[in-house]
Undergrad: 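Starting off with a structure, shown below.
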Protein chains: 2
Amino acid sequence: MVVYAGQGDPRRSIELLWRRPVAEQRPGPKPGLSVDAIVDAGIAVADEQGMAFSMRAVGERLGRTAMALYTYVPGKNELVDLMYDRTMAELPTSYPLADGWRPAVTRWARDMWELYVRHPWVLQVSQARPVLGPHEFAVIEALAAILVPTGLPGRELRGIVGAVNYFVRGAAQTVAEARAAGGATGEADEEWWYARSAVLMEIEPDLAEKFPALHLLESDREPVDPELPYLENDAVENFRNGLRVLLDGVEAAVRAVAKP
Amino acid sequence: MVVYAGQGDPRRSIELLWRRPVAEQRPGPKPGLSVDAIVDAGIAVADEQGMAFSMRAVGERLGRTAMALYTYVPGKNELVDLMYDRTMAELPTSYPLADGWRPAVTRWARDMWELYVRHPWVLQVSQARPVLGPHEFAVIEALAAILVPTGLPGRELRGIVGAVNYFVRGAAQTVAEARAAGGATGEADEEWWYARSAVLMEIEPDLAEKFPALHLLESDREPVDPELPYLENDAVENFRNGLRVLLDGVEAAVRAVAKP
DNA sequence: CGAGGTTACTTTACGATGTAAGGAGTCGCA
DNA sequence: TGCGACTCCTTACATCGTAAAGTAACCTCG
């Protein structure tokens with residue numbers, strides 16, 4: 001389930017995201033909950049159960065029914081937006097530039113990647129239309145602030161920011177979903193892979209000849225970290241090497257601007 | 001809804017994917033449907049309604065009930081796997097290398113990008129655990145076959161293949177979801193953006209000062225194609241520039257191997 | 001202090017969804 | 001001719017987001 005950013009009333013959504021203070025001293029019973037409490041509960045539930053968490057589960061965690069949430073939040077979509085933005089607050093808002101842009105971007109990417117792995121459901125919030133919350137802005141600001149001093153033009157910068165973003169997201173998705181799928185079925189990566197590749201080899205024994213380049217691609221594979229499961233090792237390796245290549249490309253662009 | 005690759009019986013899944021021929025001349029009534037017909041109908045419905053299509057809708061398109069499908073296909077997850085692999089068959093299985101790897105990879109990326117935009121639901125099939133169908137293999141084989149002749153080592157190649165993949169997926173997701181969200185609500189990009197940015201400016205007037213780098217990032221924006229809606233223009237621009245940067249990185253790696 | 005209106009929260013209910021269970025009809029082969 | 005495998009249907013269930021309406025708590029104003 002990909003959740004699209006606030007399709008309801010834009011004003012209500014944005015006021016919630018930016019925490020417009022609600023008028024105090026209102027008639028009626030004291031609120032027993034708060035938007036913050038609901039968002040926290042939502043994140044906790046989503047971390048456990050993934051994006052397919054239910055409003056009932058969030059309510060239950062707060063000792064309420066699902067419908068109680070609708071007093072504070074217009075619907076599940078908007079709650080997810082709030083959860084998304086609150087999650088982004090876990091990241092630093094700036095990175096030291098003492099050693100230049102490259103280590104800074106690398107650290108930004110690693111932090112982002114770790115956040116995705118920590119909160120895999122975030123990967124299922126639609127990227128197309130930004131949530132437009134304060135912390136989402138801050139995260140991209142942090143990356144932009146690293147790259148702007150390179151002197152690259154806006155067009156170039158947007159391409160780079162996009163590419164780094166896409167890359168980190170994709171790389172993280174690989175681990176996150178590997179874990180989620182394993183967790184859901186209780187099946188470890190190795191078992192999953194083994195069961196399938198065994199059947200595959202039996203049904204299609206000449207795979208290696210049919211896809212020679214792919215076979216070559218899988219050569220000299222060495223575990224980066226023997227503690228980690230199979231697919232995760234792959235993902236970590238791909239993240240490191242892929243990011244290096246990508247940043248080499250950025251370096252070329254930066255050099256081209258520095259010495260025209 | 002992210003759909004995880006075949007969590008059911010591995011043998012059944014893989015036999016379906018590789019179209020193990022079913023014994024003919026079986027007792028019982030003649031099958032009125034076929035796996036192929038169901039997969040086609042599924043793709044058609046998913047293209048219209050997205051990944052949240054229902055088994056009932058697929059059945060209806062074939063003049064059957066939802067339950068009729070379960071005779072041919074174990075469940076929705078497996079059907080999605082089949083749809084995914086069939087979709088990958090739309091792509092070329094090899095690219096000419098006459099002009100070197102770079103234009104070939106560029107074309108691969110563009111073809112892939114267009115496929116994602118054509119079938120946005122494909123973006124929601126989990127990447128972590130491959131579907132392991134013949135056409136999925138063929139698509140990665142095509143990319144690998146372009147890059148293997150560069151002489152790069154396996155580790156490096158995997159990083160690059162991953163990065164290109166992630167990048168294309170991410171870039172495509174941006175357009176695809178922009179369209180899907182617009183299509184779902186009947187709301188054009190411009191309206192969506194306008195409604196939100198107006199409220200945002202009203203509530204948080206000093207955005208530009210709060211996020212200076214972001215503000216700079218948005219500078220000198222020119223529509224690539226005036227026919228296209230707002231967000232799509234962005235996406236196309238980001239795709240071009242991002243891919244160029246990424247391939248510059250690959251070029252650096254290739255040169256490093258060529259002349260050590 | 002008491003009435004009236006507003007708010008917090010609950011109960012109930014509705015229309016989706018994926019799919020399990022079981023039955024009705026159809027056909028090949030003994 | 002009948003048995004058993006097969007296709008397809010009907011019915012049913014749990015689960016989901018959330019609409020509607022009711023109840024009880026509480027502030028404000030007379």
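Note that the structure is predicted; figures quoted are calculated from it, not measured.
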Undergrad: In whole Å, I'd like the distance from the CD atom of B:Q49 to the C1' atom of C:dA16.
TA: 12 Å
Undergrad: Look at the side chain of B:E204 and the backbone N and O of B:L200, then say whether any donor-acceptor pair between them is shorter than 3.5 Å.
TA: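 Checking the backbone N and O of B:L200 against the side chain of B:E204, no donor-acceptor pair under 3.5 Å is found.
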Undergrad: To the nearest angstrom, how far is A:L69 atom CG from C:dC9 atom P?
TA: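 Result: 10 Å.
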Undergrad: Would you say A:R26 places a side-chain N or O within less than 4.0 Å of OP1 or OP2 belonging to C:dT6?
TA: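 No, A:R26 has no side-chain N/O under 4.0 Å of OP1/OP2 on C:dT6.
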Undergrad: Here's a test for you: under side-chain contact (heavy atoms from CB on, under 4.5 Å), which of A:I43, A:D36, A:V39, A:I38 qualifies with A:L82?
TA: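 Testing each of A:I43, A:D36, A:V39, A:I38 against A:L82, the sole residue satisfying side-chain contact (heavy atoms from CB on, under 4.5 Å) is A:V39.
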Undergrad: Taking the side chain of A:Y70 as its heavy atoms from C-beta onward, which of D:dT18, C:dT7, D:dA5 lies nearest to it?
TA: D:dT18
Undergrad: By the 4.0 Å heavy-atom rule, please label B:A68 as base, sugar-phosphate, or nothing.
TA: sugar-phosphate
Undergrad: Just N and O in the side chain of A:T65: are any of them under 4.0 Å from OP1 or OP2 of C:dC9?
TA: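 Checking C:dC9 against A:T65, no side-chain N or O comes under 4.0 Å of OP1 or OP2.
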Undergrad: Report yes if at least one side-chain N or O of A:Y72 is closer than 4.0 Å to OP1 or OP2 of C:dT7; otherwise report no.
TA: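 Indeed not, no polar side-chain atom of A:Y72 lies that close.
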Undergrad: Quick one: A:E60 CD to C:dT10 P, roughly how many Å, whole number?
TA: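 Taking atom P of C:dT10 as the reference, CD of A:E60 is at 12 Å.
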Undergrad: Rounded to the nearest angstrom, tell me the gap between atom CG in A:L62 and atom C1' in C:dT10.
TA: 15 Å
Undergrad: Keeping the roles fixed (side chain from A:W18, backbone from A:L132), state whether a donor-acceptor pair exists under 3.5 Å.
TA: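 Answer holds: yes.
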Undergrad: In whole Å, I'd like the distance from the CG atom of B:L79 to the C1' atom of C:dT17.
TA: 15 Å
Undergrad: Under 4.0 Å, heavy atom to any atom of DNA chain C: which of residues 29-46 of chain B qualify?
TA: B:P29, B:K30
Undergrad: When you measure from the side chain of A:M67, which nucleotide among C:dT17, C:dT12, C:dT19 comes out closest?
TA: C:dT12
Undergrad: Please confirm whether the backbone N or O of B:S13 pairs with a side-chain atom of B:E78, one donor and one acceptor, at under 3.5 Å?
TA: no
Undergrad: Of the candidate nucleotides D:dG17, C:dA8, D:dC9, which contains the atom at the shortest distance from the side chain of A:T71?
TA: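 Among the listed nucleotides, the one closest to the side chain of A:T71 is C:dA8.
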Undergrad: Between B:K210 and A:E141, is there a salt bridge with N-O shorter than 4.0 Å?
TA: no
Undergrad: Taking atom C1' of D:dT10 as reference, at what distance in whole Å does atom CE of B:M55 sit?
TA: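 Distance, rounded to whole Å: 17 Å.
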Undergrad: Could you tell me how far apart B:F53 (CZ) and C:dA16 (P) are, to the nearest whole angstrom?
TA: 18 Å
Undergrad: Please tell me which of the listed nucleotides, D:dC16, C:dT19, D:dC8, lies nearest to the side chain of A:R56?
TA: D:dC16
